[in-house]
Amino acid sequence: MASKFAEQKEKVTIGRKLDRFSAAVNEAIDRQVDSEIKDVKAQAEALIRKVKDESELQSHTRLTEQTALLENSYRKLESNAFHALKKDLLKHRQTLTNRLAGDIRSRLEEFTQSEMYFGHLVTLINPDLLDDGVCTVSLSEKDFRLYGEALAEKIKELFGILPAVESDSAIRIGGLSLYNKNKNILDDRTFDDALDRQLSLGALLSAEPEVTADTSPILSEDSDIPAENTVSAVNGPIVKVANTKNFSMLEMVYVGNKRLTGEVIGISEEFTTIQVYETTTGLKVGEPVRGTGEPLCVTLGPGIMSGIFDGIERPLKKLEEMQGAFIAEGSGDITLDTELEYDVTVKVKAGEYLTGGQVYATCPETPVITHCCLVPPNVSGEAVHVCEDGKHRINDAIITLKLEDGTHKVLTLCHKWPIRQPRPVTKRLEITRPLITGQRVIDSILPIAKGGTASIPGGFGTGKTMTQHQLAKWCDADIIVYIGCGERGNEMTQVLTEFAELIDPKTNRPLTDRTVLIANTSNMPVAAREASIYTGITLAEYYRDMGYHIAIMADSTSRWAEALREISGRLEEMPAEEGFPAYLPSRLSEFYERAGYAETLSGSEGSVTIIGAVSPQGADFSEPVTQNTKRFVRCFWALDKSLAYARHYPAINWITSYSEYTDDLAQFYAENVSKDFLSVRKTISGLLAEEEKLMEIVKLIGADVLPESQKLVIEIARVIRVGFLQQNAYHKDDTYVSLEKQYLMMDLIVCLYRQCKAAVDNRVLIKKLLDSGIFEKVIKVKYDIGNDELNKFKEYKEEIVNLVNGFVNGQ
């Protein structure tokens with residue numbers, strides 16, 4: 001442990017920086033003053049040489065006058081130089097102060113997060129108190145009482161500065177302030193005034209830190225950095241900062257005094273443009289903007305499952321407990337519960353070499369999901385310290401790795417990952433397994449594969465949300481990530497209430513045990529709607545890396561695209577079709593292309609399946625979002641308004657919809673359902689397509705003029721539509737149907753068609769067949785034959801054959 005502190009101490013020595021700074025300032029002053037004195041002396045000597053040639057009286061008078069002028073000029077020059085240098089000194093002093101305070105803050109934060117005994121103590125690093133080089137850490141009263149002095153001693157080893165315990169509420173360590181957050185000592189002006197000198201940068205100087213012999217100047221052009229960047233313009237969620245080059249693209253920043261979470265989305269010579277993910281109401285020009293040096297990330301660890309988060313992973317239930325029904329501004333630092341303990345089982349031993357993506361610990365996150373703690377993909381090294389199994393919090397140190405460069409990295413139960421950066425995998429695998437949903441029109445007619453992409457476009461009231469709810473309830477994915485990006489609050493409430501009440505048939509537990517909800521409703525900040533998509537897909541990729549199969553329900557991508565359009569308009573970008581930004585297709589592709597079936601870094605297999613709803617205005621599928629989405633998905637489930645109004649659910653139009661996964665899944669159907677599954681499906685699809693053509697004729701001249709064979713097609717197509725494609729979500733046997741039963745239902749319908757066609761060819765009238773009631777009986781099969789009574793299908797087929805043969809023989 002001592003070597004660790006020595007290494008950190010060697011990296012940055014506060015005393016060394018201060019000494020180098022003081023020496024550089026003194027040298028600069030000496031150089032400037034010496035230069036000015038030499039100039040004055042040279043002018044005086046030139047004047048003396050000149051007046052020697054004049055008369056003695058004139059010379060004496062002239063010399064006296066000029067000497068006085070030179071003295072005044074020198075004093076003025078000296079004064080100007082002094083004030084200019086003093087101004088520079090203060091400016092550079094402030095810059096260095098901020099740098100030192102930043103070093104203190106970052107090193108203290110890194111130390112407390114990595115040190116296994118104190119990793120859970122830090123709850124706040126407050127940059128608002130850095131004006132005098134003060135870094136503030138707040139502890140709970142219990143932790144302060146138990147660990148305050150011990151932590152101060154560790155900080156003494158880290159910084160080389162003697163800490164001082166000022167009261168039972170605070171420890172002051174030079175420019176550091178360690179205080180008890182439950183005793184508002186910072187609001188006690190008497191206490192603060194008494195410690196003003198200690199809180200200043202001078203306290204660091206008087207602490208007598210270790211001084212090295214290196215006193216080379218450190219002032220340079222790079223040192224001339226503004227002490228603080230400020231807001232120069234506010235336009236809804238868009239904030240601009242003028243005349244700064246301190247930020248990087250996609251860097252997460254804190255905006256304003258309330259520390260609103262934002263992200264840098266544009267950098268130019270004049271302005272840095274920031275997208276704020278919280279409401280900017282009340283934000284004023286001149287408020288500070290502070291960078292974090294890292295991209296917008298989410299915290300990945302135990303506590304995600306069964307949770308409901310907003311678009312930037314703030315836990316809504318916890319925020320409600322802390323702040324009430326409305327989210328307060330500046331709550332971006334609140335993520336997963338750091339106090340909850342998990343029963344951790346460590347999977348590695350000291351001395352093992354760990355690589356990115358490897359599982360080093362597990363813990364039961366819910367009764368049905370085991371959470372696997374993964375080494376971050378970009379980290380590898382030897383485990384030099386491994387904690388014991390037992391109860392741990394997410395910020396407790398579990399493994400200490402010695403990296404290739406000799407440094408140490410502590411692994412806790414969680415780590416952070418940028419939401420816009422896909423998590424790496426070993427390789428992508430071929431898609432060969434269907435995502436079984438229990439919905440007949442999907443599984444049999446328009447299948448989707450695990451790792452595939454699908455779109456559900458439909459106008460208002462056609463059942464997009466209902467269809468996604470049904471898929472989330474019954475699909476055979478291990479985990480559901482439901483993203484409500486821009487949907488109405490009552491729809492998300494319906495998800496919460498229904499999923500909590502629904503019992504998962506696979507686990508006999510509430511469905512919420514394997515569900516994550518991202519709720520960014522229509523009344524929440526519009527910019528966070530754009531981030532919610534990436535937050536959801538990042539959480540899905542994290543669980544995929546554990547070896548789970550994830551299904552994402554994004555409802556709806558149209559409102560996500562509308563958020564892009566609004567932000568683009570505020571940025572004054574050139575609009576494309578219907579006002580959407582020209583980069584809409586690339587953003588859609590970035591999202592859908594993160595789906596896939598993959599071999600993870602840990603060697604297991606996992607998948608992410610994306611099902612995105614699209615809400616075209618007026619059910620116009622030619623609008624940009626629908627058309628561009630079709631370019632990047634392989635399954636298109638078009639919802640039909642006329643079907644929805646006729647109470648036909650799911651209202652998926654079997655003619656305008658398509659799936660490109662059928663051939664990829666052919667082997668699976670042949671091996672796991674039936675060898676003739678696809679041929680039966682092809683017959684069913686062909687009958688539906690033929691009916692569509694015949695209905696055009698019927699609309700013109702009526703059905704009576706059609707030959708008997710074509711009348712049969714129309715009747716069989718009705719059996720398919722009502723008896724097979726239409727499904728009742730409230731019926732215990734019809735809400736979910738296994739693939740085997742789906743095949744048997746299609747096979748029964750095909751048997752009915754072939755037997756009746758043979759009868760029609762033998763001049764049996766279609767009316768006689770209809771009057772027999774066999775068509776209606778086949779339609780009711782979905783209700784009359786239970787999911788555990790599949791042997792009855794054989795009896796139905798025999799009944800059809802006998803009935804039709806009776807008509808033929810009777811002729």
For this session: Mind running side chain to side chain contact (heavy atoms under 4.5 Å, CB included) on Arg514 and Ile480 for me, showing each step along the way?
Result: CA-CA 6 Å; Arg514 59 181 184 94; Ile480 304 297; 3.8 Å; yes
Exercise. Is there a side chain to side chain contact (heavy atoms under 4.5 Å, CB included) between Leu564 and Arg587 once you walk through the steps?
Worked result: CA-CA 9 Å; Leu564 291 178; Arg587 294 292 178 86; 3.4 Å; yes
Exercise. Which is it for Tyr548 and Ile369 under the side chain to side chain contact (heavy atoms under 4.5 Å, CB included) test, yes or no, and what are the steps along the way?
Worked result: CA-CA 9 Å; Tyr548 291 113; Ile369 297 296; 3.9 Å; yes
Problem set entry | Verdict with reasoning, Glu365 to Ile304, per side chain to side chain contact (heavy atoms under 4.5 Å, CB included) | CA-CA 8 Å; Glu365 188 171 5; Ile304 295 174; 4.0 Å; yes
For this session: May I have the step-by-step check of ring-ring contact (aromatic ring centres under 6.0 Å, His included) for Tyr669 and Phe677, ending in yes or no?
Result: CA-CA 6 Å; Tyr669 288 131; Phe677 182 93; 4.3 Å; yes
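To the nearest 0.5 Å, atom CH2 of residue Trp637 and atom CD of residue Gln439 are 9.5 Å apart. Expressed to the nearest 0.5 Å, how far OG1 of Thr557 lies from CG of Leu588 amounts to 6.5 Å. Once rounded to the nearest 0.5 Å, the distance linking CD1 of Ile419 with OG1 of Thr535 reads 4.0 Å. Residue Asp663 holds its CG atom at 9.0 Å from CG of Leu665, rounded to the nearest 0.5 Å. Summarising the geometry, atom CD belonging to Gln742 is positioned 9.5 Å from atom CD1 belonging to Ile442; distances are rounded to the nearest 0.5 Å. Asp478 contributes atom CG, which lies 14.0 Å from atom CZ of Arg544 (distance to the nearest 0.5 angstrom).
Remark: Gln667 CD is loosely packed, at most 12 non-hydrogen atoms of other residues, nucleotides or ligands lying under 6.0 Å away. More than 12 heavy atoms of other residues, nucleotides or ligands sit less than 6.0 Å from atom NZ of Lys318. Crowding of Asn378 atom CG: a count of heavy atoms from other residues, nucleotides or ligands under 6.0 Å exceeding 12.
Under a cutoff of 6.0 Å and an axis angle of 45°, Arg420 and Tyr534 form a cation-pi pair. A cation-pi geometry, defined here as NZ or CZ lying under 6.0 Å from the six-membered ring centre and within 45° of its normal, holds between Arg634 and Tyr661. Under the 6.0 Å distance and 45° angle rule, Arg290 does not count as a cation-pi partner of Tyr254.
Screening residues 345-372 for ring-ring contact (aromatic ring centres under 6.0 Å, His included), with sequence neighbours left out, gives His371-Tyr542, His371-Tyr543.
Residues satisfying the side-chain hydrogen bond (donor to acceptor under 3.5 Å, both in side chains) test with Arg509, not counting sequence neighbours, are Asp513. Remark: Glu382 engages no residue in a salt bridge (Lys or Arg N to Asp or Glu O under 4.0 Å) (not counting sequence neighbours). Residues forming a side chain to side chain contact (heavy atoms under 4.5 Å, CB included) with Arg314 (at least two apart in sequence, or on another chain): Glu278, Asp310, Ile312, Leu319, Ile327, Ser331. In this view, Arg559 and Glu487 satisfy the salt bridge (Lys or Arg N to Asp or Glu O under 4.0 Å) rule, not counting sequence neighbours. Here Ala595 pairs with Thr453, Ile610 under the side chain to side chain contact (heavy atoms under 4.5 Å, CB included) rule; sequence neighbours left out. The salt bridge (Lys or Arg N to Asp or Glu O under 4.0 Å) search around Asp443 returns none, not counting sequence neighbours. The side-chain hydrogen bond (donor to acceptor under 3.5 Å, both in side chains) check on Thr512 picks up nothing, with sequence neighbours excluded. Residues that satisfy the side-chain hydrogen bond (donor to acceptor under 3.5 Å, both in side chains) test with Asp405, not counting sequence neighbours, are Thr407. In terms of the side chain to side chain contact (heavy atoms under 4.5 Å, CB included) criterion, residue partners of Lys349 (sequence neighbours excluded) are, by chain and number, Glu352. Evaluation of the side-chain hydrogen bond (donor to acceptor under 3.5 Å, both in side chains) rule for Glu740 yields no partner, not counting sequence neighbours. Remark: Glu313 pairs with no residue by the salt bridge (Lys or Arg N to Asp or Glu O under 4.0 Å) rule, at least two apart or across chains.
Annotation: side chain of Gln358 is not in contact with side chain of Leu374 (no heavy-atom distance under 4.5 Å). When side chains are defined from C-beta on, Leu411 counts as touching Val375, because their heavy atoms get closer than 4.5 Å. For the pair Ile436 and Cys475, the minimum side-chain heavy-atom distance is 4.5 Å or more. Side-chain contact between Lys347 and Thr362 is present, with at least one heavy-atom pair separated by less than 4.5 Å. Annotation: side chain of Val481 is in contact with side chain of Ile550 (closest heavy-atom distance under 4.5 Å). Contact annotation: the side chain of Pro424 never approaches that of Pro422 to less than 4.5 Å [non-hydrogen atoms, C-beta and beyond]. Between Leu296 and Thr261 the shortest side-chain heavy-atom distance falls below 4.5 Å. Put simply, the side chain of Leu260 does not reach to within 4.5 Å of the side chain of Tyr277, judged on heavy atoms.
In the model, Thr465 has a side-chain atom that pairs as donor or acceptor with a side-chain atom of Asp555 under 3.5 Å. Side-chain contact check for Thr735 and Trp474: at least one donor-acceptor pair (N or O, by modelled atom type) lies under 3.5 Å. No side-chain donor from either of Thr400 and His408 sits under 3.5 Å from a side-chain acceptor of the other. Counted by atom type alone, Tyr597 and Arg433 present one or more donor-acceptor pairs between their side chains at under 3.5 Å.
Remark: side-chain polar atoms of Gln468 are paired, donor with acceptor, to backbone N or O of Ile611 under 3.5 angstrom. Using a distance-only test at 3.5 Å, with no hydrogens or angles considered, no donor-acceptor pair links the side chain of Ser532 to the main chain of Asn520. Using modelled atom types, no side-chain atom of Glu530 and backbone atom of Ala563 make a donor-acceptor pair closer than 3.5 Å.
Here the shortest heavy-atom pairing between Ile533 and Cys485 reads CD1-SG, 3.8 Å. Across Thr600 and Ser602, no two heavy atoms sit closer than the pair OG1-OG, 2.9 Å. Taking every heavy atom of both residues into account, Cys635 and Pro447 meet most closely at SG-O, 3.5 Å. Heavy atoms only, all atoms of each residue included: Tyr736 and Asn787 are closest at O-ND2, 3.4 Å. Taking every heavy atom of both residues into account, Leu401 and Gly381 meet most closely at CD2-O, 3.6 Å. Of all heavy-atom pairs between Val344 and Ala361, the closest is CG1-CB, 3.9 Å.
Salt bridge Arg428/Glu599: absent, no basic N to carboxylate O contact under 4.0 Å. Between Lys473 and Asp504 there is no salt bridge, since no side-chain N of the basic residue sits under 4.0 Å from a carboxylate O of the acidic one.
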